[in-house]
Participant: 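Starting off with a structure, shown below.
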Amino acid sequence: MSQPSTSDDRLSHANLATEGGQLAEGHVQKKAGQSSMLADSQQPAIVHPNFDPKQSPLDPARPLSDIPEPARRLNGQLRRLYGNSTRFYQPNADSLSKWSLIASEALAEHLSLLNAAQLIELPDSFYQNHSEQPLISTLSDMTLLDMSDIQQAIRAYPKLNRYGFLPIDNSTVTESDNDSNNDSNNDSKAQNSALLSMRALTKRYNPDELLNSLYADDWQVILQPQQFETGEGSLATDIMACSVAVHALKQCSTRKSINHSYSAAEICQHVRSYLLSQIVCEPSQRHAYRQIRLFAGHIIVAAYHLGWEIQVRADGQSYFNISSRSGLLTRYANMQDYEINGWSS
């Protein structure tokens with residue numbers, strides 16, 4: 001009997017190894033093709049320039065003055081991470097309603113509760129857009145004011161504070177009539193200041209977590225800043241709030257006469273809704289925008305900075321020559337317009 005030759009087995013093993021190598025190489029090329037096709041969806045949010053094939057590598061021996069400018073991508077990283085997720089809100093700004101601009105789950109629950117208690121009445125215009133006016137541009141294009149700009153408005157209106165103008169005291173007209181009224185006026189002013197200071201102290205040292213803005217929802221912090229006001233700071237240092245007001249008002253058209261339909265307090269409600277819409281549309285800037293507390297005094301500073309005509313009444317309300325067709329007034333909601341039975345935001 002002849003022994004079987006082992007050369008055939010060696011050849012067969014070599015052929016199998018060659019075929020296996022070709023299959024493995026083909027599998028690697030297929031994987032590489034798939035990875036290149038999925039690079040846009042599976043690419044990490046933060047990519048170093050040395051590892052990004054789309055960018056030229058940095059030279060380690062470059063001079064110290066050669067500092068590459070970081071590209072401002074805003075929501076680019078969040079868009080890569082979340083994609084088309086419902087929590088990452090990237091709407092079409094042309095057809096958005098007043099509700100779509102500030103829509104959130106927490107606010108929807110609050111409004112449904114108020115609606116069930118018949119404290120508010122939301123019309124169809126709140127859910128449908130009937131205005132052709134464009135939206136206000138994003139706060140990424142905002143230009144910050146200087147403290148000197150705010151000081152100019154304060155010098156022009158010495159009685160202006162963060163909350164607007166104080167009511168004009170008509171009892172002190174002539175010096176002869178003030179003898180009998182000075183004591184009562186001083187007592188009333190002292191009582192008012194004491195009440196304001198006591199309220200500020202109560203809110204400042206109240207350990208209740210519900211009064212802490214850190215635990216409140218975005219809509220509550222933006223639309224109801226008076227609930228979290230502790231009296232700290234002043235109008236002269238509210239640079240961000242005044243800058244937001246200027247950014248919103250400078251995109252509004254004006255009229256020749258004073259519009260008595262919109263006071264500074266009412267315009268402030270619209271600007272607050274605009275600020276809330278920026279939190280919804282730009283979640284990357286959420287924590288920064290939550291720190292901005294808007295009041296009527298910031299609207300007055302913005303109007304003065306833009307050179308608007310301002311009319312102050314005896315009750316402290318101020319009115320401007322703003323047009324009712326502005327996008328700020330037609331596209332952003334004033335939540336106090338929908339209140340009934342004495343509810344206020």
Participant: What distance separates His298 NE2 from Arg293 CZ, expressed to the nearest 0.5 Å?
Facilitator: 11.0 Å
Participant: Kindly indicate whether the side chain of Leu328, heavy atoms from C-beta on, has any atom under 4.5 Å from the side chain of Gln251.
Facilitator: no
Participant: Kindly work out whether a path of hydrophobic side-chain contacts (I/L/V/M/F/W/Y, heavy atoms less than 4.5 Å apart) joins Tyr163 to Ile239.
Facilitator: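 They do not share one cluster, since no chain of ILVMFWY contacts under 4.5 Å joins Tyr163 to Ile239.
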Participant: More than 12 non-hydrogen atoms from neighbouring residues, nucleotides or ligands closer than 6.0 Å to CG on Asp124, yes or no?
Facilitator: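 Open: at most 12 neighbouring heavy atoms sit under 6.0 Å from CG of Asp124.
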Participant: Treating Ile, Leu, Val, Met, Phe, Trp and Tyr as nodes and any side-chain heavy-atom pair under 4.5 angstrom as an edge, say whether Leu223 and Leu113 lie in one connected cluster.
Facilitator: no
Participant: Go through it in stages, so that I can follow the logic: the residues are Ile322 and Arg255, the test is side chain to side chain contact (heavy atoms under 4.5 Å, CB included), and I'd like the CA-CA distance, side-chain angles, deciding distance and then a yes or no.
Facilitator: CA-CA 6 Å; Ile322 185 173; Arg255 48 183 284 176; over 6 Å; no
Participant: If you look at every heavy atom in Ala245 and Ile299, which pair is closest and at what distance?
Facilitator: CB-CD1, 4.0 Å
Participant: Quick one: does any side-chain atom of Gln285 pair with a main-chain N or O of Glu282 as donor and acceptor, under 3.5 Å?
Facilitator: no
Participant: Any side-chain heavy atom of Gln269 sitting closer than 4.5 Å to one from Tyr332?
Facilitator: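 Gln269 does not reach Tyr332 side chain to side chain.
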Participant: For atom CD of Glu121, decide whether the heavy atoms of other residues, nucleotides or ligands shown that lie under 6.0 angstrom number more than 12.
Facilitator: no
Participant: Indicate the atoms forming the closest heavy-atom contact of His247 with Thr138, along with that distance.
Facilitator: NE2-O, 3.1 Å
Participant: Would you compute the distance between atom OG of Ser100 and atom CZ of Arg331 and round it to the nearest 0.5 angstrom?
Facilitator: 9.5 Å
Participant: Could you walk me through whether Phe320 and Gln311 satisfy the side chain to side chain contact (heavy atoms under 4.5 Å, CB included) test, starting with their C-alpha distance in whole Å, then the side-chain angles of each, then the deciding distance to 0.1 Å, before giving a yes or no?
Facilitator: CA-CA 6 Å; Phe320 318 102; Gln311 185 180 77; over 6 Å; no
Participant: Nearest 0.5 Å, what's the OG-CG distance between Ser323 and Leu329?
Facilitator: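 So the gap between those two atoms works out to 8.0 Å.
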Participant: Is the Lys NZ or Arg CZ of Arg272 less than 6.0 Å from the centre of Phe295's six-membered ring, within 45° of the axis?
Facilitator: yes
Participant: Would you indicate whether the side-chain heavy atoms of Ile154 and Leu235 approach each other to under 4.5 Å?
Facilitator: yes
Participant: Heavy atoms, side chains only, cut-off 4.5 Å: are Met142 and Val244 in contact?
Facilitator: yes
Participant: Determine, step by step, whether Asn321 and Ser257 satisfy the side chain to side chain donor-acceptor pair (under 3.5 Å) criterion, reporting the C-alpha distance in whole Å, the side-chain angles of both residues, the deciding distance to 0.1 Å, and the verdict.
Facilitator: CA-CA 6 Å; Asn321 53 337; Ser257 59; over 6 Å; no
Participant: Taking all heavy atoms of Phe126 and all of Ala333, pick out the closest pair and write down the distance.
Facilitator: CE1-CB, 3.8 Å
Participant: Would you say Leu96 ends up clustered with Val271 if hydrophobic residues are merged whenever their side chains have heavy atoms under 4.5 Å apart, either directly or through other cluster members?
Facilitator: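 Yes, Val271 and Leu96 fall within the same hydrophobic cluster.
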Participant: For Asp146, enumerate each residue passing the side-chain contact (heavy atoms from CB on, under 4.5 Å) test, keeping only those at least two apart in sequence or located in another chain.
Facilitator: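 Residues passing side-chain contact (heavy atoms from CB on, under 4.5 Å) with Asp146: Ser148, Asp149.
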Participant: So Leu306 and Leu249, do their side chains get closer than 4.5 Å, heavy atoms only?
Facilitator: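 Touching, per the 4.5 Å side-chain cut-off.
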Participant: Looking only at heavy atoms, what is the nearest atom pair of Cys252 and Ala248, with distance?
Facilitator: SG-O, 3.4 Å
Participant: Rounded to the nearest 0.5 Å, what separation is found between the NE2 atom of His287 and the CD1 atom of Ile279?
Facilitator: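 Rounded to the nearest 0.5 Å, the NE2-CD1 separation comes out at 10.0 Å.
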Participant: For the residue pair Glu339 and Leu119, establish whether any side-chain heavy-atom pair is separated by less than 4.5 Å.
Facilitator: no
Participant: Looking at CG of Leu276 and CD1 of Ile292, how far apart are the two atoms once the value is rounded to the nearest 0.5 Å?
Facilitator: 12.0 Å
Participant: Please test Val312 against Ile310 for side chain to side chain contact (heavy atoms under 4.5 Å, CB included), starting from the C-alpha separation and ending with a verdict.
Facilitator: CA-CA 7 Å; Val312 183; Ile310 304 175; 4.2 Å; yes
Participant: Any side-chain heavy atom of Leu111 sitting closer than 4.5 Å to one from Trp99?
Facilitator: yes
Participant: Quick one: does Trp219's side chain get under 4.5 Å of His110's, heavy atoms only?
Facilitator: yes
Participant: Testing the basics here: between Leu107 and Ile102, what is the closest heavy-atom pair and its distance to 0.1 Å?
Facilitator: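 Minimum heavy-atom separation between Leu107 and Ile102: CD2-O, 3.5 Å.
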Participant: Under the side chain to side chain contact (heavy atoms under 4.5 Å, CB included) rule, what do Asp218 and Ser104 come out as? Steps first, then yes or no, please.
Facilitator: CA-CA 9 Å; Asp218 295 338; Ser104 65; over 6 Å; no
Participant: Ser243 and Leu145: which non-hydrogen atoms are nearest, and at how many Å?
Facilitator: OG-N, 2.9 Å
Participant: Parallel, tilted or perpendicular: which one describes the rings of Tyr319 and His260, with boundaries at 30° and 60°?
Facilitator: tilted
Participant: Do Ser326 and Gln133 have side-chain N/O donor and acceptor atoms under 3.5 Å apart?
Facilitator: no
Participant: As an exercise, state the distance from OG of Ser318 to OH of Tyr262, rounded to the nearest 0.5 Å.
Facilitator: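 So the gap between those two atoms works out to 15.5 Å.
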Participant: Is Arg325 atom CZ crowded by more than 12 heavy atoms from other residues, nucleotides or ligands, each under 6.0 Å away?
Facilitator: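 No, because the 6.0 Å sphere around CZ of Arg325 holds 12 heavy atoms or fewer from other groups.
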